[in-house]
Amino acid sequence: MPPPPPPSRLLALLSARRPPPLRRLLQIHAHLLAAGLLSFPSSPDFSSRLASAYALSTTDASSSASPRPPLHHALALLFPLSTSAYNAAIRALSLCDDDRHGCRGGGGIVHRCLSLYRALLRSGAARPDHLTFPFLLKACARLQERGYGDAVLGHVLGLGLDSDVFVVNAAMHFLAVRGPMEDARKLFDQSPVRDLVSWNTLIGGYVRRGIPGEALELFWRMVAEDASVRPDEVTMIGAVSGCGQLRDLELGRRLHGFVESNGVRCTVRLMNTMMDMYVKCGSLELAVSVFERIEHRTVVSWTTMIVGYAKFGLMDDARKVFDEMPERDVFPWNALMTGYVQCKQCKEALALFHEMQEASVEPDEITMVNLLTACSHLGALEMGMWVHRYIEKHRLVISVALGTSLIDMYAKCGNIEKAIHVFKEIPEKNALTWTAMICGLANHGLAYEAIEHFRKMIDLGQQPDEITMHGNISLGEKAAMKLVEIDPSDSGIYVLLANMYADANMRKKADKVRAMMRHLGVEKVPGCSCIELNGVVHEFIVKDKSHTDADAIYDCLHEITLQIRHTEDLLNISATGVV
DNA sequence: CGATATTTGT
């Protein structure tokens with residue numbers, strides 16, 4: 001028998017970033033027991049470290065080949081655990097930040113955190129304390145469902161921990177991410193404790209939700225009213241990115257000045273945010289000047305620069321930046337591809353995808369959305385179908401956005417049946433999905449089906465609160481206009497529209513738009529038809545001469561017309577009689 | 001002791 005490793009060696013094994021495999025962990029556990037190192041309390045706290053390692057090793061995806069024991073079995077071996085051991089285990093789990101270990105959306109890890117918390121509540125010996133909740137709430141904020149976090153918030157109140165600033169901030173963060181923003185705000189306004197992180201959390205929350213006005217107002221209030229805090233890097237990241245959402249260049253320069261005159265640490269992250277803001281506010285020049293002043297550029301810095309050039313249509317410069325970057329993850333690839341698509345250089349986008357595959361970069365959902373958009377523009381049905389198969393083969397999750405892109409691609413590439421099929425298959429639909437389907441049907445001249453879908457969309461209440469605070473109405477309008485185009489005489493559309501506006505509390509505007517729609521209905525829209533040849537869609541409008549082979553096509557049409565006339569003469573029937 | 005933060009998309 002080899003001698004047991006010294007405690008320092010065991011400690012090192014337990015503290016490694018990657019936990020030892022379960023089998024090894026059990027050995028370590030036995031050694032610690034034999035050495036009497038698990039008697040509580042001890043320093044260093046071996047039982048906390050062992051609990052953390054168990055929590056992590058039952059999460060480790062690499063051990064998923066063999067059945068993993070439930071976490072509570074492993075922890076039962078350590079029973080009874082102290083609160084700090086539970087906290088350490090929850091902490092270790094909540095810090096393990098990627099989703100490889102569990103199901104999507106960090107679900108696996110969060111549920112393990114919650115089961116640890118339940119074990120803690122059941123244990124009787126230990127009670128959750130002020131250190132338990134920041135980690136736990138952070139985990140809950142990563143979960144789509146709100147229920148668990150709400151329950152935990154209830155416990156916080158029950159235990160009277162609502163005066164611990166760390167707990168309050170974690171609760172605010174949870175509410176800002178998952179709950180109604182008003183609740184986060186209420187907590188901020190009513191809490192007896194408040195510090196820099198409280199302000200930052202709330203400002204960041206408003207920015208994440210796309211309410212930049214509120215974020216900036218809070219920022220100025222913080223500067224003016226609360227002398228106990230000074231804006232730091234995190235504050236400024238929130239304020240500057242909010243300013244980017246506002247597209248307010250003047251404000252952006254002011255905030256930039258604020259950073260420099262208030263000694264805020266100008267870290268790469270802040271400078272990246274500043275670049276992004278300048279790009280969004282339309283000043284490529286200032287974005288470049290910030291980029292050039294960054295000493296240690298990250299992938300984010302380079303990517304933001306690519307987005308900037310692409311946004312201004314300077315694809316050659318975007319490509320140059322892309323080629324110059326020392327290392328790339330999927331972001332710069334997607335950013336460049338998006339640029340090509342938006343600049344209508346769809347063939348370049350497809351070529352980039354092939355480069356991406358040669359570079360062995362794993363494409364993601366966004367890559368696929370870009371590819372499908374490129375295919376839609378090109379009318380490249382073959383390629384589009386290949387992308388569809390690729391998505392299925394690689395088991396990429398078909399999100400709303402991806403599903404919508406598929407529908408749009410099939411519709412624009414001329415395969416409306418497949419578009420309908422995908423529409424029926426996908427589980428999640430939003431207003432954009434419906435619009436893509438309705439416009440697709442309308443473009444294929446399927447007026448009845450389009451109107452039926454429009455009706456269904458309204459019936460399902462698939463709008464007012466989907467997007468903002470108005471944007472949705474224009475979506476409805478977009479769909480409706482398409483319908484008016486194909487059948488101006490259908491009064492049903494006007495009724496539906498009127499109802500839609502009524503539902504959205506826009507009665508005042510309803511009449512005005514009604515008149516507009518009528519006007520549109522009167523207007524003649526040129527008839528249009530599409531034909532697909534070898535994966536390329538050719539579009540023709542009445543009297544359209546834009547096609548490269550227009551002369552030949554019209555010659556051919558003329559020939560066909562002559563032949564029909566000739567046949568008519570032979571059969572002695574009139575053209576109107578046939579048609 | 002513990003909480004807040006930047007880049008890609010229909």
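Given the structure is predicted, the values throughout are model-derived calculations rather than measurements. Values reported hereafter were calculated over all heavy atoms of this structure, with side chains retained and with hydrogens, waters and symmetry mates removed.
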Base, sugar-phosphate, or nothing for [X], non-hydrogen atoms under 4.0 angstrom?
X	answer
A:Phe331	base
A:Ala170	nothing
A:Thr273	sugar-phosphate
A:Ser241	nothing

Integer-rounded Å distance: [N] [atom2] and [X] [atom1]:
X	N	atom1	atom2	answer
A:Trp302	B:dT8	CH2	C1'	18 Å
A:Leu187	B:dA3	CG	P	17 Å
A:Leu137	B:dA3	CG	C1'	10 Å
A:Arg265	B:dT6	CZ	P	16 Å
A:Met275	B:dT8	CE	P	11 Å
A:Asp276	B:dT7	CG	P	6 Å

For B:dT4, take OP1 and OP2 only and decide whether either is under 4.0 Å from a side-chain N or O of A:Arg208.
no
If you draw the axis of the six-membered ring of A:Phe423, does the NZ or CZ of A:Lys429 fall within 45° of it and under 6.0 Å from the ring centre?
yes
Counting heavy atoms from C-beta on, name the nucleotide in B:dA3, B:dG9, B:dA5 closest to the side chain of A:Asn169.
B:dA3
Ignoring hydrogens and geometry beyond distance, is the side chain of A:Asp164 in donor-acceptor contact with the base of B:dG2 at under 3.5 Å?
yes
Looking only at atom types and distance, does a side-chain atom of A:Arg297 sit under 3.5 Å from a main-chain N or O of A:Trp302, one as donor and one as acceptor?
no
Look only at the side chain of A:Arg127 and the backbone of A:Leu121, and say whether a donor-acceptor pair between them is shorter than 3.5 Å.
no
Just wondering, do A:Phe166 and B:dA3 stack (centres under 5.5 Å, planes under 30°)?
no
Shortest non-hydrogen contact from A:Leu136 toward A:Ile90
N-CG2, 4.2 Å
